[in-house]
Amino acid sequence: MASVSSQPQFRYTQPPSKVLHLRNLPWECTEEELIELGKPFGKVVNTKCNVGANRNQAFIEFADLNQAIAMISYYASSSEPAQVRGKTVYLQYSNRQEIVNNKTTADVAGNVLLVTIEGADARLVSIDVLHLVFSAFGFVHKITTFEKTAGFQALVQFSDTETASSAKNALDGRSIPRYLLPEHVGPCALRITYSAHTDLSVKFQSHRSRDYTNPYLPVAPSAIDGSGQLTVGLDGKKLEPESNVLLASIENMQYAVTLDVLHMVFSAFGPVQKIAMFDKNGGVQALIQYPDVQTAVVAKEALEGHCIYDGGFCKLHISYSRHTDLSIKVNNDRSRDYTIPNTPMVNSQPSILGQQPVSVMGPTVQYNGAPYTPSPEQQPGMPQTSAGWGPGVPPMPQSMPMQMHSNPYMPPGTMPPQGMMQSPIQSGLPQSSMLPPYGSGQIQ
DNA sequence: AGCACA
């Protein structure tokens, strides 16, 4: 006998569940209205509204099964139907036992935005530009920036959710206006979600984090160059002009950083003309000269705060030098002029690729000044750019093609000298407590 | 008016 197939979706009796399924709700019914509806019968622990193609269905979940039964029972025998905004609502036990909310933290509105800057040049977007962009919507309290697998990201804190929402709505998916970016920087789009943070912890004003509510916050050591000059004003403006010469200070120098190591690291962004190393304040600093400012800018943005060796060792802090042309008197293990070919020099092949310590750095230095003299104009006929790529001691010449110069940067997340530069170290700023609460794979 | 991530 051909049996009539049962239709499970139209069962008129269902096993009880803490979860009730509601239908015929008014358009875009809110969570608050659902809670109001269920409250007389028990504790509503979860809801899900705007379900279904018409967004007029919902679920409410009670803390206890008996509470759900009480609600169903009440309206089963009541002359007054359940209603929301005067509209009759039909309810029944859900065929599931609990509400699964795919609401991620990114969907919960808050006063802090998680901003992902997309684009090949995302890292070149300064914190000041971000501040400017977001300030259009209200007072920006704090900004932290960091790099994760998702790329270059920032947390932007407003005073309240409303302001943050207006900024998110206006900026999500939009690109940073061109006129706010330097000439050589490509388009940078903003992807914005909410962060679960409510108050960012900013310890210093630095290139990576700012607290605009606290003018007394100390400026990070990384924002001060060798002469103690501020590179970041308390108003968040950079005080130092860009230069083709970078001043790099090396923090936590557990492993010796040789001139050749520096040459290799900095050569990834373009030809290095000259390097001068010296000791200052008990640490090692170096001046690195590029032929042009643009290359230096790219190198600085890419390397600032990064560590040469894994494990937080030899962290680079980079600022612009006031010099434009270093005067290298002698080529030795602390200073070198790569623009002079065939210069005799001590052989010092570094064994850096294995990330092994070359030697332990000791306080062997009594040098008081820099091994260069700051004479701005010297060697007027000096060959520029590729001239210095000759028979010097390029540690990895084959890996640094000349095109580097025209396209000095590399794909996001790839640090130039393989094996040495690790993924950005988050030590120092920003604090781990500021990092977004997601697993690294979930951000998009 | 009839069950939710793709």
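Chain naming here is simple, since letters A, B, ... match the order of the sequence lines and numbering starts at 1 in each.
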Could you work out which one of B:dG2, B:dA4, B:dA1 sits closest to the side chain of A:Gln92? B:dG2

What is the distance, rounded to the nearest whole Å, between atom CG of A:Leu20 and atom P of B:dG2? 17 Å

Would you check if the distance from the ring center of A:Tyr338 to the ring center of A:His263 is below 6.0 Å? yes

Tell me every residue that passes ring-ring contact (aromatic ring centres under 6.0 Å, His included) with A:Phe59, counting only those two or more places apart in sequence or in another chain. A:His21

Using atom OH of A:Tyr93 as one end and atom P of B:dA4 as the other, report the distance to the nearest whole Å. 20 Å

Any pair counted as side chain to side chain donor-acceptor pair (under 3.5 Å), so long as it reaches residues 178-188 of chain A, sequence neighbours left out: none

Mind checking side-chain hydrogen bond (donor to acceptor under 3.5 Å, both in side chains) for A:Thr213 and listing every partner two or more places apart, or none if nothing turns up? A:Asp211

Rounded to the nearest Å, what distance is computed from the CD atom of residue A:Glu98 to the P atom of nucleotide B:dC5? 16 Å

Taking only residues at least two apart or on different chains, which pairs with a member in residues 59-80 of chain A satisfy side chain to side chain donor-acceptor pair (under 3.5 Å)? A:Asp64-A:Asn66

Tell me which of A:Arg96 and A:Arg23 sits closer to the 5' end of DNA chain B, going by the nucleotide each one is nearest to. A:Arg23

Testing the basics here: between A:Gln153 and A:Thr116, what is the closest heavy-atom pair and its distance to 0.1 Å? NE2-OG1, 2.7 Å

Nucleotide B:dA1, atom C1' - distance to NE2 of A:His21 in whole Å: 9 Å

Rounded to whole Å, please give me the gap between CD1 in A:Ile99 and C1' in B:dC5. 15 Å

Interatomic distance where CG belongs to A:Leu25 and P belongs to B:dA1 [whole Å]: 11 Å

Starting at OH of A:Tyr90 and ending at P of B:dA1, how long is that distance when rounded to a whole Å? 7 Å

Within residues 49-59 of chain A or reaching into it, pairs that qualify as salt bridge (charged side-chain N to carboxylate O under 4.0 Å, His left out) - sequence neighbours excluded: A:Glu28-A:Arg55

Would you kindly give the CD-to-C1' distance between A:Gln14 and B:dG2, to the nearest whole Å? 9 Å

Tell me which residues in residues 47-67 of chain A put a heavy atom below 4.0 Å from DNA chain B, sorted by number, or none. A:Lys48, A:Val51, A:Gln57, A:Phe59

The side chain of A:Val100 is closest to which nucleotide in this list: B:dA4, B:dC3, B:dA1? B:dA4

